[in-house]
Amino acid sequence: GQQVMQIPQYQHVQEGEDFTTYCNSSTTLSNIQWYKQRPGGHPVFLIQLVKSGEVKKQKRLTFQFGEAKKNSSLHITATQTTDVGTYFCAGRDFGNEKLTFGTGTRLTIIP
Amino acid sequence: GAGVSQSPRYKVAKRGQDVALRCDPISGHVSLFWYQQALGQGPEFLTYFQNEAQLDKSGLPSDRFFAERPEGSVSTLKIQRTQQEDSAVYLCASSLGAGGLKGPQYFGPGTRLTVL
């Protein structure tokens with residue numbers, strides 16, 4: 001079945017540094033979503049990418065969907081303490097409703 | 001309601017007991033999903049409803065797991081004869097659409113199940 005891997009598993013950065021997490025699917029995706037989960041919280045939707053090569057920005061966050069629609073990335077510029085949490089990508093196959101979540105990247109910020 | 005709600009928030013069960021977990025989705029949301037999240041892992045899909053119809057139950061780990069959404073709104077996930085490996089957070093999510101491109105899934109706070 002479909003597998004979605006993320007790297008790195010953990011990332012510790014100094015406040016103000018940049019952060020990137022990478023997501024790779026074993027299959028071509030219909031679309032991909034990104035979620036953030038704070039410690040002790042539940043996943044919160046960030047963005048959905050649909051088109052091959054799509055790039056979307058939300059303030060300091062930049063999301064990319066690969067040309068082959070099998071990989072994606074999330075880049076945060078100038079991290080802040082509020083960025084702490086685990087970032088998950090979640091891919092959807094064609095003709096399928098379910099999301100397959102990635103393994104997640106846990107971001108911690110050193111003040 | 002303003003968001004997805006789940007009850008109970010915490011459940012401790014003795015091995016072999018049956019449990020029932022409730023999800024109240026956002027009003028008007030057609031699609032409802034159940035996920036299982038083990039500590040330090042990403043959510044894993046269990047089952048999906050479109051209104052009252054259970055369209056995908058491929059993620060249910062065994063026949064001890066059963067889910068229903070009889071009137072197309074509230075859903076219940078039932079686990080029979082709980083085992084220690086069932087200990088996890090059970091997340092419910094709902095989304096507005098049905099058919100075509102799907103939008104965001106809105107997650108509830110989850111039910112943390114501990115089986116002793």
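These figures come from a predicted structure and were not determined experimentally. Below, each value reflects all heavy atoms present in this structure, side chains not excepted, and no hydrogens, waters or symmetry copies. Naming convention: chains lettered A, B, ... in sequence-line order (proteins, then strands); numbering from 1 in each chain.
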Taking the side chain as everything from C-beta on, heavy atoms only, tell me whether T105(A) gets closer than 4.5 Å to Y10(A). no

Report, in residue-number order, which members of residues 106-116 of chain B are under 4.5 Å from chain A by heavy-atom distance. F107(B), G108(B), P109(B)

Over 12 non-hydrogen atoms of neighbours within 6.0 angstrom of CD in E71(B): no

Do Q37(B) and Y35(B) have side-chain N/O donor and acceptor atoms under 3.5 Å apart? no

Got L61(A) and W34(A) here, is their nearest side-chain heavy-atom distance under 4.5 Å? no

Do R64(B) and D18(B) meet the salt-bridge criterion of a basic N to acidic O distance under 4.0 Å? no

By side chain to side chain contact (heavy atoms under 4.5 Å, CB included), which residues pair with T103(A), not counting sequence neighbours? M5(A), Q6(A)

Specify which of H42(A), R106(A), Q37(A) makes the most heavy-atom pairs with chain B at under 4.5 Å. H42(A)

Residues in side-chain hydrogen bond (donor to acceptor under 3.5 Å, both in side chains) with T108(A), at least two apart? H12(A)

Verify the distance criterion only: is there a donor paired with an acceptor across the side chains of Y35(A) and Q33(A) at less than 3.5 Å? yes

Pair K69(A) + E67(A), salt bridge at N-O below 4.0 Å: no

Name, in order of residue number, those residues of residues 40-47 of chain B that have a heavy atom at a distance of less than 4.5 Å from a heavy atom in chain A; otherwise write 'none'. Q41(B), G42(B), P43(B), F45(B)

Can you see which heavy atom on T20(A) is nearest to which on H75(A), and at what distance? OG1-ND1, 2.7 Å

